[in-house]
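Chain letters run A, B, ... following the sequence lines, proteins first and then strands; every chain starts at 1.
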2 protein chains.
Amino acid sequence: MNASRTARERARAELSREIRDEARRQLAVTGADGLSLRAVARELGMVSSALYRYYPSRDDLLTALIIDAYDALGAAAESAAAAVDSADFRGRWRAITTAVREWARAHRYEYALIYGSPVPGYRAPEDTVAPASRVALALVAVLRDAWQAGAVRPAPPERPLSEPLSAQVQTLAAAIAPELPGPVLARALIAWTQLFGMVSFELFGQLVGDVDPSDEFFAHAVDHMADFVGLPAET
Amino acid sequence: MNASRTARERARAELSREIRDEARRQLAVTGADGLSLRAVARELGMVSSALYRYYPSRDDLLTALIIDAYDALGAAAESAAAAVDSADFRGRWRAITTAVREWARAHRYEYALIYGSPVPGYRAPEDTVAPASRVALALVAVLRDAWQAGAVRPAPPERPLSEPLSAQVQTLAAAIAPELPGPVLARALIAWTQLFGMVSFELFGQLVGDVDPSDEFFAHAVDHMADFVGLPAET
DNA sequence: CGAGGGTCAAGAGCACTGCTCTCGAAAACG
DNA sequence: CGTTTTCGAGAGCAGTGCTCTTGACCCTCG
């Protein structure tokens, strides 16, 4: 009885996955608001109403795709970092940032889904925050390791944190990197927003006509940001 | 005959404007893909097909709204900068960046329209590039004035441009700020992407749970970036 | 073994969308 | 005044997300 029950559940899980896969395929060509449940069902040889047994609404399907995308991006960043000598802090930093950019370029609509304008009326459920922070955590991990190795030298000038900001950064530090001093973590936040700002600008066409292709600009900015947070130069 | 001809054209221009206004009003509550031509027409007391005489497609209406948004944002940035003593370079820098952030927060869906994920299948026409660059030009103007006053001291370390990047930056410089050396303009580009990355993260909910509200973080980052590009400290 | 309950795909249908086409009225022009 | 252009109204097409009902299947328990 257990076996048969799992057989059913396995079929269900399988179909859920096939739906997501087909949806992702359509996403890749038509973009987020071109995603049509009917088209997905049609491609899978079923009728649209049947699909609602697996994802109760279009938003639920999108949420599943969003989580998948965050996870794929996070995994790409983490494995890229793991492929570098762990003592080569700048190398790890570069690996993560270029992995993010390359994943984004290879999956532009999935990237737009998670880092573009949120679908109005749609609120990200709790399930998304953990996978969403993987990239940030990977970057912070590099900085933390470098800090513990005594290798962090933030670029001048120093800029003390205001009192309220210091408090915010402290609670953030307590959660992810208690060793790091506030000003360093604040610099990491700035570098983090810079990274995604740059990738978004490139993907969303804001850089066209200026620095396009932007490989060189990206590499330059990444190193500038590594200096900024205080990572040591080369290995 | 000329007067009557313009009478018709004036009515046409007026209606075009009313359509855009109503569309913008709907945009503010439902977001970009909630914008419905039929709803706009309904609200204006006309039938949907009549609207197509003014904007031949939904994309054309969106394009008009995009241009309006770029212009409004650019005007906000420019007038904020003009309200500051022109010799107070850092003050102008702060004025522009906070004006951008405040406009974005006050018009989040219009901001999302221009700096969020582009509508798939939609290509920005030529008409958008000029208004789109107003903010960037305002920032560069500050930097250029500061440079000509001999007041620019980029934060160390120096980081030479690679050859291809230098070429790209040179052609960009030739178009907007011939006096500025390449490395300085490259830093400006980085600060520019950082600014919009930060605003987008705040508006799109990526900062929630970390630094939210982000007024303090924003101000901190803006000053860091002013240091980074080399603007002098206070007046 | 055979009945009852749960699971599922299918189909019809609702309200909505962007967009096209045709038609009649009104305005502009010669 | 007649003609041509401009414009709004209406019907209609193909598509969307989503709901509800119907009938088939399978699993479990009496």
Exercise. Quick one: which of D/dG17, C/dG18, D/dC18 gets closest to the side chain of B/Tyr52?
Worked result: C/dG18

For this session: Would you mind reporting whether B/Ile96 and B/Val142 have side-chain heavy atoms less than 4.5 Å apart?
Result: yes

Exercise. With sequence neighbours left out, what residues match B/Tyr54 under side chain to side chain donor-acceptor pair (under 3.5 Å)?
Worked result: none

Exercise. Could you state the CZ-P distance from B/Arg42 to D/dG8, rounded to the nearest angstrom?
Worked result: 18 Å

For this session: Name all residues meeting the salt bridge (charged side-chain N to carboxylate O under 4.0 Å, His left out) criterion together with A/Arg94; count only those two or more places apart in sequence or in a different chain, and write none if there are none.
Result: A/Asp223, A/Glu234

For this session: Using whole Å, report how far CG of A/Asp33 lies from P of D/dG17.
Result: 11 Å

Seminar exercise, completed: Contacts of A/Arg105 meeting salt bridge (charged side-chain N to carboxylate O under 4.0 Å, His left out) (sequence neighbours excluded), chain-then-number -> A/Glu202

Exercise. Rounded to whole angstrom units, what separation is found between the CD atom of B/Glu14 and the C1' atom of D/dC7?
Worked result: 17 Å

Exercise. Mind checking whether B/Tyr115 and A/Phe204 have ring centres under 6.0 Å apart?
Worked result: no

Problem set entry | d(CD, B/Glu9; P, C/dA27) in whole Å | 17 Å

For this session: Check the distance between D/dT16's C1' and A/Glu43's CD and give it to me in whole angstrom.
Result: 17 Å

Seminar exercise, completed: The salt bridge (charged side-chain N to carboxylate O under 4.0 Å, His left out) partners of A/Arg25 (sequence neighbours excluded) come to A/Glu22

Exercise. NA contact type, B/Ser48, heavy-atom cut-off 4.0 Å: base, sugar-phosphate, or nothing?
Worked result: base

Exercise. Roughly how many Å is it from CD in B/Gln26 to C1' in C/dT17, rounded to a whole number?
Worked result: 13 Å

Problem set entry | Any residue meeting salt bridge (charged side-chain N to carboxylate O under 4.0 Å, His left out) with A/Glu110, in chain and number order, not counting sequence neighbours | none

For this session: Grab the CZ-P distance between B/Arg38 and D/dG12 for me, whole Å please.
Result: 13 Å

Pairs under 3.5 angstrom, nitrogen or oxygen only, protein versus nucleotides 7-10 of chain C, please.
{"residue": "C/dC8", "atom": "OP1", "partner": "A/Arg12", "partner atom": "NH1", "Å": "3.3"}
{"residue": "C/dC8", "atom": "OP2", "partner": "A/Arg12", "partner atom": "NH1", "Å": "2.9"}
{"residue": "C/dA9", "atom": "OP1", "partner": "A/Tyr54", "partner atom": "OH", "Å": "2.9"}
{"residue": "C/dA9", "atom": "N7", "partner": "A/Arg53", "partner atom": "NE", "Å": "3.3"}
{"residue": "C/dA9", "atom": "N6", "partner": "A/Arg53", "partner atom": "NH2", "Å": "3.0"}
{"residue": "C/dA10", "atom": "OP2", "partner": "A/Val47", "partner atom": "N", "Å": "3.1"}
{"residue": "C/dA10", "atom": "N7", "partner": "A/Ser49", "partner atom": "OG", "Å": "3.0"}

Exercise. Just checking A/Leu35: base, sugar-phosphate only, or nothing, at a heavy-atom cut-off of under 4.0 Å?
Worked result: sugar-phosphate

Problem set entry | Length of the line joining B/Leu44:CG and D/dG8:C1', which is rounded to integer Å | 13 Å

